[in-house]
**Student:** 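Please find one structure pasted underneath; my questions will follow.
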There are 2 protein chains.
Amino acid sequence: MPLKHALLGFLSYQPMTGYDLKQHFDRSISHFWNAKLSQIYPALSQMRTDGWLTMEVDYQEDRPNRKVYQITENGRVALHNWLGEPTEMAPVRDAFLIKVFFGGKLNREDILAQLHRYLILHKEQLTSYQKNVQQEIQKNAEATGLVKESVFWNLTLEMGIKYEQGWIEWCEDSIKKIEAMDDD
Amino acid sequence: MPLKHALLGFLSYQPMTGYDLKQHFDRSISHFWNAKLSQIYPALSQMRTDGWLTMEVDYQEDRPNRKVYQITENGRVALHNWLGEPTEMAPVRDAFLIKVFFGGKLNREDILAQLHRYLILHKEQLTSYQKNVQQEIQKNAEATGLVKESVFWNLTLEMGIKYEQGWIEWCEDSIKKIEAMDDD
DNA sequence: TAAGTAATATATAAACATATATATATATAA
DNA sequence: TTATATATATATATGTTTATATATTACTTA
């Protein structure tokens with residue numbers, strides 16, 4: 001399960017709680033993977049059962065105790081193996097394209113409105129990558145001194161940026177084509 | 001649920017069985033949505049309960065009877081409304097990028113092997129879109145005479161092509177960058 | 001001052017998706 | 001000739017993900 005291996009990946013840097021891990025997911029890899037806390041917590045329990053993690057409780061008074069998870073040698077091996085395994089292409093799933101596919105059923109304004117809206121969403125996403133994710137990677141690189149690692153973090157960000165740029169171009173082109181169509 | 005609306009979309013062209021619908025999914029929209037038969041059949045039953053479809057049985061001797069589904073007026077309304085609703089961006093989920101993100105844990109050859117492999121997969125996918133999907137759309141446009149519709153089918157295909165081209169460029173760039181890195 | 005958010009975790013239900021098994025006849029490919 | 005694919009559907013189990021509810025205290029914002 002990729003979720004488990006992403007968790008292993010972060011825990012290979014340092015021990016953390018589920019809550020901490022959620023922050024890392026949201027700040028560093030949300031452009032290609034995300035998970036809710038309600039998925040992360042049970043996954044961590046299982047991984048402990050699997051022998052990939054150990055856990056120790058950090059007692060606190062005013063809020064729930066922190067359960068700090070640490071990767072084991074088995075966990076490191078599992079991560080390393082998984083990283084080297086061949087990977088299938090991720091299938092694309094985008095409901096927006098279903099709407100476009102059947103766009104002939106809408107009138108011109110409605111389908112154009114859809115495209116304009118989606119264009120804006122993707123532009124905002126692009127901006128957010130260029131600002132927030134970029135910064136987060138930078139910050140992490142400095143804080144941890146993991147220079148080589150940060151090259152790879154940046155590669156994933158570049159893919160995110162290219163992806164958004166692709167959508168933006170496509171939306172703009174599509175709008176032009178539809179505007180040029182004969183009305184009926 | 002987008003699955004149901006995609007089914008409605010195809011049934012808005014003509015009555016069909018679940019098996020037929022599966023063919024359409026695979027041939028026309030698999031570049032952005034797919035579904036197994038084991039998901040399509042129950043969905044059709046539900047949609048009938050919802051009043052979006054009617055069904056009649058076409059008796060056959062040597063193979064299972066065909067259950068032919070036909071869209072109702074309610075179904076058409078539901079489809080039309082859904083097509084006009086604003087759409088959230090589809091989140092990206094790609095396990096390959098998790099591998100890249102933690103690529104610093106692999107040695108250079110292993111991560112390069114991953115990238116080369118993914119590059120090939122995406123090149124094959126691109127070729128397949130340009131050949132098969134392209135052709136299928138063409139064929140459908142001619143067979144059904146739905147000219148205006150086919151413009152939209154082509155738009156989704158263009159997005160698929162752009163997407164694959166993006167991956168291909170990114171893989172090639174990433175390979176170059178990693179090859180240029182200092183070894184450690 | 002009231003409402004929201006951060007910090008931390010658990011539990012349960014529901015929704016969505018895949019895998020697999022079961023039937024059965026014909027046609028096609030190795 | 002044997003295996004696989006096509007044509008059609010159902011059923012069940014399992015896996016994955018999201019949603020929602022529940023606790024508690026401190027801090028921040030309106």
Side-chain angles (χ1 to χ4, degrees), chain A residues 1-7 10-11 15-27 29-30 32-50 53 55-70 82 88-95 98, chain B residues 1-7 10-11 15-27 29-30 32-50 53 55-70 82 88-95 98:
Chain A
M1 196 177 19
L3 170 63
K4 288 190 184 178
H5 294 90
L7 292 167
F10 284 116
L11 289 171
M16 273 184 278
T17 68
Y19 194 88
D20 297 333
L21 285 158
K22 170 64 171 159
Q23 315 287 313
H24 281 285
F25 269 58
D26 289 349
R27 292 187 190 140
I29 64 170
S30 65
F32 56 88
W33 203 273
N34 54 51
K36 309 269 157 151
L37 278 172
S38 54
Q39 208 190 347
I40 292 174
Y41 286 124
L44 289 170
S45 295
Q46 269 188 258
M47 290 162 74
R48 195 180 161 212
T49 307
D50 297 344
L53 305 178
M55 185 269 279
E56 65 180 59
V57 178
D58 188 354
Y59 291 92
Q60 301 198 116
E61 281 180 4
D62 49 355
R63 46 197 66 186
N65 295 327
R66 289 164 53 82
K67 294 191 167 178
V68 181
Y69 290 92
Q70 179 154 355
W82 182 78
E88 295 307 306
M89 269 194 301
V92 177
R93 264 180 165 247
D94 197 314
I98 303 179
Chain B
M1 195 173 27
L3 169 64
K4 288 189 182 179
H5 294 90
L7 292 167
F10 284 116
L11 290 172
M16 274 184 278
T17 68
Y19 193 89
D20 296 334
L21 284 158
K22 171 64 171 158
Q23 315 287 313
H24 282 283
F25 268 59
D26 290 348
R27 292 187 190 142
I29 65 171
S30 65
F32 57 87
W33 204 274
N34 54 50
K36 307 270 157 154
L37 277 172
S38 54
Q39 208 188 347
I40 292 173
Y41 286 125
L44 290 170
S45 295
Q46 269 187 261
M47 290 162 75
R48 195 179 161 211
T49 306
D50 298 342
L53 305 177
M55 184 269 278
E56 64 181 62
V57 179
D58 188 354
Y59 292 94
Q60 300 198 112
E61 279 181 7
D62 50 355
R63 45 198 67 187
N65 296 327
R66 292 163 51 82
K67 294 190 168 180
V68 181
Y69 290 92
Q70 177 154 355
W82 182 79
E88 294 307 306
M89 268 193 303
V92 177
R93 254 165 183 260
D94 197 314
I98 303 180

**Student:** Check the distance between C:dA6's C1' and A:Leu37's CG and give it to me in whole angstrom.
**Tutor:** 12 Å
**Student:** Is the shortest side-chain N/O distance from A:Ser38 to OP1 or OP2 of C:dT10 below 4.0 Å?
**Tutor:** no
**Student:** To the nearest Å, how far apart are B:Tyr19 OH and C:dA25 C1'?
**Tutor:** 13 Å
**Student:** Roughly how many Å is it from CH2 in A:Trp33 to P in D:dT16, rounded to a whole number?
**Tutor:** 10 Å
**Student:** If we ignore hydrogens and angles and just use 3.5 Å, is the side chain of A:Asp26 paired with the main-chain N or O of A:Gln23 as donor and acceptor?
**Tutor:** no
**Student:** Whether A:Lys67 and A:Asp58 form a salt bridge (side-chain N of Lys/Arg under 4.0 Å from carboxylate O of Asp/Glu) is what I want to check.
**Tutor:**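 Not counted as a salt bridge, because no side-chain N and carboxylate O are separated by less than 4.0 Å.
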**Student:** Between A:Phe10 and A:Phe25, how do the two ring planes meet: parallel, tilted or perpendicular, split at 30° and 60°?
**Tutor:** tilted
**Student:** Quick one: B:Arg66 CZ to D:dA7 C1', roughly how many Å, whole number?
**Tutor:** 9 Å
**Student:** Could you tell me how far apart B:Ile40 (CD1) and C:dT18 (C1') are, to the nearest whole angstrom?
**Tutor:** 13 Å
**Student:** Considering just the side-chain nitrogens and oxygens of B:Gln39, establish if one lies under 4.0 Å of OP1 or OP2 belonging to C:dT18.
**Tutor:**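 It does, given that an N or O in the side chain of B:Gln39 lies less than 4.0 Å from OP1 or OP2 of C:dT18.
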**Student:** In whole angstroms, how far is the P atom of D:dT20 from the NZ atom of A:Lys36?
**Tutor:**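 My rounded result for the distance is 9 Å.
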**Student:** Given C:dA17, D:dT18, D:dT8, identify the nucleotide with an atom nearest to the side chain of A:Arg93.
**Tutor:** C:dA17
**Student:** Provide the closest heavy-atom pair for A:Phe32 versus B:Ile98 in the form atom of the first, atom of the second, distance.
**Tutor:** CE1-N, 3.5 Å
**Student:** With no hydrogens and no angle check, is any side-chain donor or acceptor of A:Arg66 less than 3.5 Å from a backbone partner on A:Thr17?
**Tutor:**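 No.
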**Student:** Would you please confirm or rule out a distance under 4.0 Å between OP1 or OP2 of C:dA9 and any side-chain N or O of A:Tyr41?
**Tutor:**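 Yes.
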**Student:** Treating A:Lys22 as the side-chain partner and A:Ala35 as the backbone partner, does any N or O pair qualify as donor plus acceptor under 3.5 Å?
**Tutor:** yes
**Student:** Taking the nucleotide of DNA chain D with the closest heavy atom to each, which residue, B:Gln23 or B:Tyr69, is nearer the 5' end?
**Tutor:**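 Here B:Gln23 is the residue nearer the 5' end.
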**Student:** Side chain of A:Thr17 only, please: which of D:dT8, C:dT18, C:dT8 is the nearest?
**Tutor:**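 Out of D:dT8, C:dT18, C:dT8, the nucleotide with an atom closest to A:Thr17's side chain is C:dT8.
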**Student:** Grab the CG-P distance between A:Asn34 and D:dT16 for me, whole Å please.
**Tutor:**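 Distance check: A:Asn34 CG to D:dT16 P gives 16 Å.
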**Student:** Rounded off to whole Å, could you give me the NZ-to-C1' distance for the A:Lys67 and C:dA9 pair?
**Tutor:** 7 Å
**Student:** Check whether any side-chain heavy atom of B:Leu3 lies under 4.5 Å from a side-chain heavy atom of B:Gln39, and answer yes or no.
**Tutor:** yes
**Student:** Across all strands shown, which nucleotide pairs with D:dA13 by Watson-Crick or G-U wobble geometry, both distances under 3.5 Å?
**Tutor:** C:dT18
**Student:** Give each protein N/O atom lying under 3.5 Å from an N/O atom of nucleotides 24-27 of chain D, with the pair distance.
**Tutor:**
from: D:dT25; atom 1: O4'; to: A:Asp62; atom 2: O; distance (Å): 3.1

